[in-house]
There are 2 protein chains.
Amino acid sequence: MSEQPATQPRDADKRPTIYEVARLAGVSHQTVSRFLRKDPTMRPDTVRRVSHAVEKLDYRPNLAARSMRTRRTNRIAVILPETTSFVPTRLLSGAAAAAHDAGYLVDVVGLEGDAAARAERIGALLQPANVDGILSFTPLAENLERLAPSGPRVPIVVDGEYDDNMRARALLADAKAADEIVGHLADLGHRTFVHVAGPKTFASALNRRTEYEASVARRGLVSHAVVEGDWSTGSGWKAGREVIAGSPATAVFAANDRVAFGVIRGLQSVGVDVPGRVSVFGWDDDELGRYFQPPLSTVRVNRESQGRAAFQRLLSLLHGKQPAAPMDTAGLNQLIFRDSTAPPPTV
Amino acid sequence: MSEQPATQPRDADKRPTIYEVARLAGVSHQTVSRFLRKDPTMRPDTVRRVSHAVEKLDYRPNLAARSMRTRRTNRIAVILPETTSFVPTRLLSGAAAAAHDAGYLVDVVGLEGDAAARAERIGALLQPANVDGILSFTPLAENLERLAPSGPRVPIVVDGEYDDNMRARALLADAKAADEIVGHLADLGHRTFVHVAGPKTFASALNRRTEYEASVARRGLVSHAVVEGDWSTGSGWKAGREVIAGSPATAVFAANDRVAFGVIRGLQSVGVDVPGRVSVFGWDDDELGRYFQPPLSTVRVNRESQGRAAFQRLLSLLHGKQPAAPMDTAGLNQLIFRDSTAPPPTV
DNA sequence: TTGTAGGCGTTATCAT
DNA sequence: ATGATAACGCCTACAA
């Protein structure tokens, strides 16, 4: 009773393995493995014994060992934009939560800089052996080629981008909201519009812009200008002062709320009243919009569920299914009308 | 020349291993391993041959296999708050970038919900076998006990929290800025203050609040109230209307810019002029503050480098060193004076 | 229903 | 300076 430490010989600093659980439970090591895999063919009594041992030892599986054997990592990589002005936090947490719910771990990698060393590490990370799939919240384009030049590729989903045969349905939600914004402003009596867009590389920005142009044309209205913005308040401010103020436009559709705040403040700074002279519509339902002066009309998008949806799309890919476009396309976007939109001045 | 496929037998869908690299280079598999480990004792010629083979096959190491053998994962976990109103994006990207630079991968895990399954997964993730260290941007408290009840623990750093013997120095930067804010307002002539704080569970919020109270007392000023906020614009709005408006206070120190925006708008909504009647100071240098009405006085904190610093602290722990407090404590916070602060009304 | 053998890709240890 | 062999912890296959 002194030579062999029996059940807990671990060198203090070492986690128990299935072997030690097995020994404590008086079974073989892969009976423990079966237990972990929730094999239904186990005798209830055995389950109990193993379960106790697991608990007593506070056993936790070694993920690396598992994935090496199963060739599945239960991990996805999420690629974040390098842009400092646009970081989709809610998207990230939504996607991460969905991933966790589905039993996946989430690696985040940034696209910042381009040090060779980092490129290499990221390249390694994105191998099939290291990650089951990739979810990107930033346009990828040729970056991908650089990161994983050849060989088998894991499934990739870029948020907001869809392949052709699902484009129509998938983008419908955003397009519909964009069209409704134009419609709302038109109903108020506006005829001349400006759109402050997001970067063209973002599918979502491009889509909104495209739909804006289509909607304006369809309704026989005038698009005075489309300003290329970068999601930032500064770009809105600039557009407000340099393009919109003094122009015949009376209605502005901004790519997001931060831009809209900039537009409004820019206009106010040169004495243009909002919404007296110009109406402004945002997109995101940033909390501040409720308290802004004037309170901002906007689109409430559930970024959390957008993130979840993006992950679901990836998950479908991982399961070998064709990813379905989000079904609840209807309820995804909700227009919120506040005081930043009103009828145009009666000339 | 037909039986053995020589150098690229991989089943189309399989990444090459060091064995295939070895075969192509005409060396043994752990000569390749040495190459990967940058072993300096290799003959230059051998290095060249292996290097070529690696490149030709686009070989990337299998991280799981490596970590299983080395018992190091080169991975850290970053824990994000469940709060939806406060998501430290910049902190995250700063920390992630620093981690990547140091050769570490980053897993993000949220603290959302409490489903047993998720707790289990997270618990597994946080094992030494799965992650080398943990960086948390949210208070952990007893959560930790729940997640990893026993056994060896990996090093943990909670952003903003420091152990006692470094507290003084580490917190100096924030405390100094907080004191300077009070000082600035006092210099303008203010005597009666309100602080709209962040959640007490956040070390940073608690520290600012504590220093606020100390600074006010030290200077013989009056703290009319300390309002418990939650980092949100709404909490600022509420504080502005319900506590500050109609009170004798003429100066407000808000926990962050979003709160400050709420305070200002709340005051304006009940006809209280800022800064005519009340001055408001923020914290964060949110871009919008530059364009706000009035432009917001605030503290510019480099969240990126704060995130980097947090990771460095963890890295020290990982290397077994005592973590040093940030050295550049001086330049970390920079007060920015804009129009939201002015002398109090002359009574 | 449970146990035994083998191997996943890598690095460590020992030879040579 | 390089090669052979074992081991990391787990799971899949097959045997009992």
Side-chain angles (χ1 to χ4, degrees), chain A residues 9-11 13-23 25-51 53-54 57 59-75 124-125 127-131 151-152, chain B residues 9-11 13-23 25-51 53-54 57 59-75 124-125 127-131 151-152:
Chain A
R10 35 178 169 137
D11 323 340
D13 194 46
K14 215 167 140 297
R15 297 294 315 185
T17 71
I18 50 173
Y19 287 93
E20 296 161 57
V21 175
R23 199 181 325 165
V27 298
S28 87
H29 65 99
Q30 39 31 20
T31 293
V32 178
S33 179
R34 284 195 185 85
F35 170 81
L36 296 175
R37 250 202 139 302
K38 301 197 206 304
D39 186 323
T41 74
M42 286 177 70
R43 210 186 318 167
D45 177 53
T46 316
V47 172
R48 277 248 320 285
R49 297 220 312 283
V50 176
S51 173
V54 163
L57 260 33
Y59 165 85
R60 312 294 179 101
N62 182 318
L63 269 26
R66 173 179 293 174
S67 92
M68 197 160 91
R69 189 58 237 228
T70 60
R71 320 198 120 278
R72 303 189 56 246
T73 62
N74 280 316
R75 256 195 161 97
L125 171 63
Q127 298 307 301
N130 299 329
V131 97
Chain B
R10 36 177 169 138
D11 323 340
D13 194 46
K14 216 166 138 296
R15 297 292 315 184
T17 72
I18 51 172
Y19 286 93
E20 296 162 56
V21 175
R23 200 181 323 164
V27 298
S28 87
H29 73 271
Q30 39 33 12
T31 292
V32 177
S33 180
R34 284 195 187 84
F35 170 81
L36 297 174
R37 247 198 141 300
K38 300 198 206 306
D39 186 322
T41 75
M42 287 177 69
R43 211 187 316 170
D45 178 52
T46 316
V47 172
R48 276 249 317 288
R49 296 221 311 283
V50 175
S51 172
V54 163
L57 295 176
Y59 164 86
R60 311 296 180 99
N62 182 319
L63 269 25
R66 171 179 295 172
S67 93
M68 196 160 96
R69 193 55 240 239
T70 60
R71 321 197 118 280
R72 303 191 55 245
T73 63
N74 280 316
R75 265 198 153 92
L125 171 62
Q127 298 306 301
N130 299 328
V131 97

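Chain letters run A, B, ... following the sequence lines, proteins first, then strands; residues in each count from 1.
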Least distance between heavy atoms, B:T17 atom then B:Y59 atom: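 Nearest pair, atom of B:T17 first, then B:Y59: C-CE1, 3.8 Å.
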
Nearest non-hydrogen partners of A:T73 and A:A129, listed with the distance: CG2-O, 3.1 Å

Any donor-acceptor N/O pair under 3.5 Å between D:dT2 base and B:H29 side chain: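 Not at all, since no donor on one side and acceptor on the other fall under 3.5 Å apart.
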
N/O donor-acceptor pair, side chain A:R69 with base D:dC11, under 3.5 angstrom: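 Under the 3.5 Å cut-off, the side chain and the base do form a donor-acceptor pair.
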
For [X] and [N], is the shortest distance between a side-chain N/O and OP1 or OP2 below 4.0 Å?
X     : N      : value
A:T70 : D:dC11 : no
A:R37 : D:dC10 : no
A:S28 : C:dG3  : yes
A:R66 : D:dC11 : yes
B:Y19 : C:dC8  : no

Touch class at under 4.0 angstrom, heavy-atom based, for B:F35 against every strand present: nothing

Comparing A:M68 and B:D39 on DNA chain D - which has the more 5′ nearest nucleotide: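 Its nearest nucleotide lies further toward 5', so the answer is B:D39.
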
Mind checking what makes side-chain contact (heavy atoms from CB on, under 4.5 Å) contact with [X], not counting sequence neighbours?
X     : result
B:A64 : A:A64, A:S67, B:N62
B:V47 : B:F35, B:M42
A:R37 : none

Partner residues of [X] under the side-chain hydrogen bond (donor to acceptor under 3.5 Å, both in side chains) criterion, sequence neighbours left out:
X     : answer
A:R49 : A:D45
B:R34 : B:Q30
A:R72 : A:Y104
B:R69 : none

Out of C:dT10, D:dG9, D:dT12, whichever nucleotide has its closest atom nearest the side chain of A:S33: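 Selected nucleotide (nearest to the side chain): D:dT12.
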
Minimum-distance nucleotide to A:T17 side chain [options: D:dT2, D:dC10, C:dG3]: D:dC10

Nearest-Å distance for atom pair CG/P, residues A:L36 and D:dT12: 11 Å

Got a list of protein N/O to nucleotides 13-16 of chain C N/O distances below 3.5 Å?
none

Of residues 40-48 of chain B, the positions that come close to DNA chain C - non-hydrogen atoms, cut-off under 4.0 Å: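 None - not one residue of the stretch has a heavy atom sitting under 4.0 Å from the strand.
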
